[in-house]
Participant: 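The structure under discussion is supplied below as structure tokens; questions concerning it will follow.
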Amino acid sequence: MGLDVSYAKATNQVCAAAVVIELESLAVAEVATVLGEVAFPYVPGLLAFREAPILLEALQGLAHEPEVLVCDGYGIAHPRRFGLACHLGVLTGLPSFGVAKTSFIADFVNPDRRRGAWSPLKEGGETLGRAVRTQDGVKPVFVSVGHRIGLDQACDMTLRLCPRYRIPEATRQADVASRRVLRTTGRSGGAPSGASESR
DNA sequence: GCGACAG
DNA sequence: ATCTTGTCGC
């Protein structure tokens, strides 16, 4: 299950999407979206306060019970050791982990160039996550556990969700869905604030 | 004090 | 996150 939030440029409209993906085929099983308005500013380290509320709303619009939450951001690899993925995991009781696109925790060694290579993301003596290369020669993503899952498992799943793109398929689909709704909602697609579609 | 800083 | 056209590459 992938989650993502998109923001409108001129408006304070936001759209959260929760997409259920079949682990075997990576086919989209269900998409739930929710429209809302910005209720909290972006503050590095406090992303969960901005995105968790509306993401939880999107999750409630789902018919499926997700096995695991793949979040766009950090889990434990966070200044307070409690990023968005941790919040969502604890709040839902579901296993969760985060896959961030950029580094927040300073030091890490660049993984080998090939897909599947990784290096530890550590601070002091503790390992907070991993920089994982999901495609040959592309920038690594930063994986960290959120709730009820191990780092090995989180990284395995990340690679399984990235057979072709740098970003996990679940997250990618949530990104596509959320921005499509925002684009389609510009004064014409007078749809309600919540929607869901299964397959 | 200064810079960096998930999305 | 979002603003943006073409362009280089598989």
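Lettering of chains follows the sequences in order, A, B, ..., and the numbering in each one begins at 1.
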Participant: Is the CD atom of A:E126 crowded by more than 12 outside heavy atoms at less than 6.0 Å?
Facilitator: yes
Participant: At 4.0 Å (heavy atoms only), tell me whether A:R164 reaches a base, stays on the sugar-phosphate, or touches nothing.
Facilitator: nothing
Participant: Tell me: CG of A:L182 to P of C:dT2, nearest whole Å?
Facilitator: 8 Å
Participant: I'd like a table of atom pairs between the protein and nucleotides 5-7 of chain B - only N or O on both sides, under 3.5 Å - with the distance next to each one.
Facilitator:
{"from": "B:dA6", "atom 1": "OP2", "to": "A:Y42", "atom 2": "OH", "distance (Å)": "2.6"}
{"from": "B:dA6", "atom 1": "N7", "to": "A:G45", "atom 2": "N", "distance (Å)": "3.1"}
{"from": "B:dA6", "atom 1": "N6", "to": "A:G45", "atom 2": "O", "distance (Å)": "3.1"}
{"from": "B:dA6", "atom 1": "N6", "to": "A:L47", "atom 2": "N", "distance (Å)": "3.2"}
{"from": "B:dA6", "atom 1": "N6", "to": "A:H78", "atom 2": "NE2", "distance (Å)": "3.1"}
{"from": "B:dA6", "atom 1": "N1", "to": "A:L84", "atom 2": "N", "distance (Å)": "3.2"}
{"from": "B:dA6", "atom 1": "N3", "to": "A:Y74", "atom 2": "N", "distance (Å)": "3.0"}
{"from": "B:dG7", "atom 1": "OP1", "to": "A:K101", "atom 2": "N", "distance (Å)": "2.7"}
{"from": "B:dG7", "atom 1": "OP1", "to": "A:K101", "atom 2": "NZ", "distance (Å)": "3.3"}
{"from": "B:dG7", "atom 1": "OP2", "to": "A:T102", "atom 2": "OG1", "distance (Å)": "3.0"}
{"from": "B:dG7", "atom 1": "O3'", "to": "A:D72", "atom 2": "OD2", "distance (Å)": "3.2"}
{"from": "B:dG7", "atom 1": "N7", "to": "A:Y42", "atom 2": "OH", "distance (Å)": "3.4"}

Participant: Got A:C86 and A:H147 here, is their nearest side-chain heavy-atom distance under 4.5 Å?
Facilitator: no
Participant: Taking the side chain as every heavy atom from C-beta outward, state whether A:W118 and A:C155 have any atom pair closer than 4.5 Å.
Facilitator: no
Participant: For A:Y7 and A:E51, work out which heavy atoms get closest and say how close.
Facilitator: OH-OE2, 2.7 Å
Participant: Between atom CE of A:M1 and atom NE2 of A:H64, what is the distance when rounded to the nearest 0.5 Å?
Facilitator: 9.0 Å
